[in-house]
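Presented below is the structure to which this report refers.
Throughout, a chain's letter reflects where its sequence line sits, starting with A, and its residues are numbered from 1.
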Number of protein chains: 2
Amino acid sequence: MDKKKFSSSVEDYLEAIYFIAKKKDRVKTSDIASFLGHKPPSVTEMLEKLSKEGLVKHKKYGIVSLTPRGMRIAKEVSSKHMVLVSFLELLGMDRRIAEIDACKIEHVVTRKTMNRLKKLVEFVQRAPKKPEWLEHYKHFIKTGEHPECKKKA
Amino acid sequence: MDKKKFSSSVEDYLEAIYFIAKKKDRVKTSDIASFLGHKPPSVTEMLEKLSKEGLVKHKKYGIVSLTPRGMRIAKEVSSKHMVLVSFLELLGMDRRIAEIDACKIEHVVTRKTMNRLKKLVEFVQRAPKKPEWLEHYKHFIKTGEHPECKKKA
DNA sequence: AATGTTTGTTAGGTTAACCGAAAAATTTAA
DNA sequence: TTAAATTTTTCGGTTAACCTAACAAACATT
């Protein structure tokens, strides 16, 4: 239906605003700039664009908020982010690296693949007991060997 | 040491040249253009750039080839691509979608995460027998239930 | 070898997303 | 409540990667 494709950059801004708004009630240009590591003029410019697109509410020199549409997209991106981080942590990556990858992958992955990864995370989380294969996998990473392949004694 | 970061676009061009060269001995501007879905002038422009960077050999109106450096990068990207496709197929994605995701993710994923995914693919491929958990996972995707969680009879 | 077709390059243009410097608005504080 | 400090915007630039239209080179055919 309403599946307009936004740039990585647009998604990053919306996600940033969403994230900042969870902690501070007034989101300012400078908050977004420092969060994203950009300079204020870039933020002003992007806010103008997002505002025209109906994704944020922002008047000159005022505070920033997400419109319902902006919020919906921010939540979608943020949810991809969380799934990706969980997935990578499952594989035993540090959270730090997991975050770096998630921030990139979240913008390019298809919905179908995203769903699969989400299912995988759920599959593991909802398993009745901690899955053995994950332990075996981690063992394989260290040693290059399958635990099942016992050498003859 | 020599870990210069190239744009997704540069990586795509190198990968395309590498791919085309596996089938045809003479890689031309138009081959690259149609492979990538770009117009010839864009290709000419990029070839100039890649040539200056020492990644391809190309003289006006001539054929294109990868330098050793270009080849190394092309192979790295292509190998990421293959690992990603294998991984996604493991999760039961169609090859078509797997390809789409791989083409995007290959440019943004960190080396560490790439290695983990590669290990996962190897872990499954080299398992002594087809891993049960993968069947269970696919069952979980369909039904939302863990096969182990048997209901009381 | 002249000519027409195909292919590749040049030239000029667009868009997205960043930047720094300077100007303007807002906020703080004397 | 005015002046100073801070924040935000405006303005003008830059870069990467695409494009179209026009031109030039290469190729293929007779």
Side-chain angles (χ1 to χ4, degrees), chain A residues 4-18 20-21 23-66 70 73-74 77 103-104 106-108, chain B residues 4-18 20-21 23-66 70 73-74 77 103-104 106-108:
Chain A
K4 186 166 182 198
K5 172 65 184 147
F6 296 100
S7 68
S8 296
S9 184
V10 164
E11 290 185 351
D12 277 334
Y13 276 88
L14 295 174
E15 199 182 7
I17 294 163
Y18 176 64
I20 296 162
K23 313 213 151 161
K24 303 185 60 181
D25 53 339
R26 301 171 58 83
V27 179
K28 295 182 298 170
T29 297
S30 52
D31 297 324
I32 302 169
S34 69
F35 184 89
L36 291 174
H38 295 152
K39 300 297 175 187
S42 309
V43 176
T44 300
E45 187 180 356
M46 180 58 92
L47 287 176
E48 171 106 358
K49 175 178 172 172
L50 297 175
S51 195
K52 275 187 191 146
E53 293 248 24
L55 299 169
V56 305
K57 271 197 306 187
H58 176 242
K59 282 197 283 239
K60 296 279 150 82
Y61 299 97
I63 61 169
V64 181
S65 60
L66 294 167
I73 295 160
V77 176
C103 284
K104 295 296 193 164
E106 67 191 14
H107 303 299
V108 301
Chain B
K4 185 163 184 203
K5 172 65 184 148
F6 295 100
S7 68
S8 297
S9 185
V10 164
E11 291 185 350
D12 277 334
Y13 275 89
L14 295 174
E15 200 183 6
I17 295 163
Y18 176 65
I20 296 163
K23 313 214 152 162
K24 303 186 59 180
D25 53 338
R26 301 172 58 84
V27 178
K28 296 182 295 169
T29 298
S30 53
D31 297 325
I32 302 169
S34 70
F35 185 89
L36 292 174
H38 295 152
K39 300 297 174 187
S42 309
V43 177
T44 300
E45 186 180 358
M46 180 58 93
L47 288 176
E48 172 107 358
K49 177 177 171 174
L50 296 176
S51 195
K52 275 187 191 147
E53 293 249 24
L55 299 169
V56 305
K57 271 197 307 187
H58 176 242
K59 282 197 283 241
K60 297 280 151 81
Y61 299 98
I63 61 168
V64 181
S65 60
L66 294 168
I73 295 160
V77 177
C103 284
K104 295 295 193 166
E106 66 190 14
H107 303 299
V108 301

Between [atom2] on [N] and [atom1] on [X], what's the gap in Å once rounded to a whole number?
| X | N | atom1 | atom2 | answer |
| --- | --- | --- | --- | --- |
| A/Lys59 | D/dT9 | NZ | C1' | 17 Å |
| B/Tyr61 | D/dC27 | OH | P | 11 Å |
| B/His38 | D/dC19 | NE2 | P | 6 Å |
| A/Glu48 | D/dT10 | CD | P | 7 Å |

Where is the tightest heavy-atom contact between [X] and [Y], given as atom of each residue plus distance?
| X | Y | answer |
| --- | --- | --- |
| B/Leu55 | B/Ile73 | CD2-CD1, 3.6 Å |
| A/His58 | A/Ser51 | O-OG, 3.8 Å |
| A/Ala74 | A/Leu14 | CB-O, 3.6 Å |
| A/Val56 | A/Leu47 | CG2-O, 3.9 Å |
| B/Phe6 | B/Glu11 | O-OE2, 3.9 Å |

Taking any heavy-atom pair under 4.0 Å as a contact, classify [X]: base, sugar-phosphate, or nothing.
| X | answer |
| --- | --- |
| A/Ser30 | sugar-phosphate |
| B/Thr44 | base |
| A/Glu45 | base |
| B/Tyr13 | sugar-phosphate |
| B/Thr29 | sugar-phosphate |
| A/Ser9 | sugar-phosphate |

* Asked: With respect to the side chain of B/Pro41, which nucleotide from D/dT20, D/dC18, D/dT9 is positioned closest?
  ->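 Minimum distance to the B/Pro41 side chain belongs to D/dT20.
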
* Asked: Hey, are the side chains of A/Val10 and A/Ser7 touching, using non-hydrogen atoms and a 4.5 Å cut-off?
  -> yes

* Asked: Taking for each residue the nucleotide of DNA chain C with the nearest heavy atom, is it A/Ser42 or A/Lys60 whose nucleotide lies nearer the 5' end?
  ->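 This one resolves to A/Ser42.
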
* **Identified side-chain contact (heavy atoms from CB on, under 4.5 Å) partner of B/Val43 from the options B/Leu36, B/Val64, B/Thr29** =>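 That would be B/Thr29; it is the only one of B/Leu36, B/Val64, B/Thr29 passing the side-chain contact (heavy atoms from CB on, under 4.5 Å) with B/Val43.
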
* Under 4.0 Å from any heavy atom of chain A: name the first and the last nucleotide of DNA chain C that qualifies, 5' to 3'. =>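 Both ends considered, the range comes out as C/dA16 to C/dT26.
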
* **Nearest-nucleotide 5' precedence on DNA chain D, B/Arg26 against B/Lys39** =>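 First, find each residue's nearest nucleotide; the 5'-ward one identifies B/Lys39.
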
